[in-house]
Amino acid sequence: FVGLCHARNVRGIIVPTPKIHDAIMEGLMAEGFPTVLCQGAPSATPGMPTVGIDDEQVGFRATEHLVILGHRRIAMLLPGPVEIQFSAARLAGYRRALQTYGIPFDESLVADGGLLEDVAARSMDVLLGRADPPTAVFAGNDTQAIGAMRAARSRGIAIPSGLAVVGFDDTPAA
């Protein structure tokens, strides 16, 4: 890959995804090739310049907002596998907010939100079908928030009085 970049006279690379093979990143670093990662670095790239947001703080602030509103049973829909940096960081922020406010972490309130509305709706439906359903949810992205609201609506649960929903990303649909 690095050879191809040199052959094509590429001066630098902006990598827009955390899903890139570690070997490619290692090669770029070993060659000193100018590279900047967007939104989270693969595990083998400590020290690689990265631009993005503070996903841990996103998880903290979203969850804190729900706690301040009075919620204690707050679910989280993960925006992707925890192996992806931004998903793990948002989960860490969620957990830190719960701990900060003295709310025990309940792993059963954390669900795979997938990246699609339908996956989030199915996960939220399962959470809402519990004997002790959540009263709020931090959805890892706006698509998941829409899925969560759809699941609540299908159960006759009003938003936000029956289920408070916080999404993230500011997509046009939101």
Side-chain angles (χ1 to χ4, degrees), residues 12-20 25 35-43 45 48-101 103 105-107 109-128 133-174:
I13 297 175
I14 297 174
V15 181
T17 177
K19 291 184 175 182
I20 187 168
M25 296 309 300
T35 306
V36 175
L37 297 167
C38 297
Q39 203 52 49
S43 59
T45 56
M48 177 73 71
T50 304
V51 295
I53 58 170
D54 185 344
D55 285 297
E56 197 273 340
Q57 190 69 354
V58 166
F60 179 85
R61 292 289 180 207
T63 307
E64 179 183 55
H65 173 71
L66 294 168
V67 170
I68 289 169
L69 290 175
H71 296 281
R72 296 294 176 265
R73 294 208 38 83
I74 303 168
M76 180 180 182
L77 295 176
L78 292 170
V82 291
E83 294 79 22
I84 297 176
Q85 184 273 337
F86 68 83
S87 188
R90 290 183 194 178
L91 176 61
Y94 164 83
R95 290 183 72 152
R96 183 168 62 92
L98 294 176
Q99 180 181 17
T100 298
Y101 289 93
I103 300 169
F105 172 70
D106 181 348
E107 188 173 344
L109 289 174
V110 177
D112 176 16
L115 295 174
L116 302 172
E117 184 180 326
D118 288 345
V119 175
R122 284 192 300 272
S123 292
M124 196 70 225
D125 189 57
V126 169
L127 290 168
L128 293 172
T135 62
V137 61
F138 164 42
N141 65 47
D142 287 341
T143 302
Q144 293 174 340
I146 292 166
M149 290 186 287
R150 193 175 86 206
R153 187 172 44 246
S154 75
R155 288 181 168 272
I157 298 171
I159 306 291
S161 60
L163 180 71
V165 180
V166 172
F168 184 77
D169 286 337
D170 199 23
T171 61

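Sequence positions, counted from 1, serve as the residue numbers for this chain. Model, not experiment: these values are computed from the prediction.
For the atom pair CZ of R95 and OG1 of T100, the computed distance is 12.5 Å after rounding to the nearest 0.5 Å. The distance from atom CZ of F168 to atom CZ of F86, rounded to the nearest 0.5 Å, is 10.5 Å. L98 CG to D106 CG: the interatomic distance, rounded to the nearest 0.5 Å, is 9.5 Å. A distance of 6.0 Å separates CE of M76 from OG of S87, quoted to the nearest 0.5 Å. Remark: Q144 CD to D118 CG distance equals 12.0 Å, nearest 0.5 Å. The CG atom of L77 sits 6.5 Å away from atom CG of L127, with the distance rounded to the nearest 0.5 Å.
A 4.5 Å side-chain heavy-atom check between L109 and E107 finds every atom pair outside the cut-off. A heavy-atom distance below 4.5 Å is found between the side chains of V15 and T35.
Partner of T63 under the side chain to side chain contact (heavy atoms under 4.5 Å, CB included) criterion, chosen from I74, I103, V166: I74. Checked options D125, V119, V126; the residue passing with R122 is V119 (criterion: side chain to side chain contact (heavy atoms under 4.5 Å, CB included)). Evaluated for a side-chain hydrogen bond (donor to acceptor under 3.5 Å, both in side chains) with Y101, the options R96, R72, E64 yield exactly one hit, E64.
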Exercise. Stepwise, does the side-chain contact (heavy atoms from CB on, under 4.5 Å) test hold for V110 with Y94?
Worked result: CA-CA 10 Å; V110 177; Y94 164 83; 3.8 Å; yes

For this session: Kindly indicate, with the supporting measurements, whether the criterion side-chain contact (heavy atoms from CB on, under 4.5 Å) is fulfilled by F60 and D54.
Result: CA-CA 10 Å; F60 179 85; D54 185 344; over 6 Å; no

For this session: Show the numbers, then the answer: is there a side-chain contact (heavy atoms from CB on, under 4.5 Å) between V36 and I13?
Result: CA-CA 6 Å; V36 175; I13 297 175; over 6 Å; no

For this session: For side-chain contact (heavy atoms from CB on, under 4.5 Å), just list the numbers for L78 and L91, CA-CA rounded to whole Å, side-chain angles, deciding distance to a tenth of an Å, and then say yes or no.
Result: CA-CA 7 Å; L78 292 170; L91 176 61; 3.9 Å; yes

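No more than 12 heavy atoms of other residues, nucleotides or ligands lie within 6.0 Å of CD1 in I14, so this atom counts as exposed by the packing criterion.
Summarising the geometry of T143 relative to L116, their closest heavy-atom pair is CG2-C, 3.9 Å, with the distance given to 0.1 Å. Pairing each heavy atom of D169 with each of D142, the nearest pair is C-OD2, 3.5 Å. The minimum heavy-atom distance linking A136 with H71 is given by the pair CB-CG, 3.6 Å. Minimum heavy-atom separation, P134 to L128: O-CD2, 4.2 Å.
Residues E117 and R150 are paired through a salt bridge, judged by an N-O separation under 4.0 Å between the basic side chain and the carboxylate.
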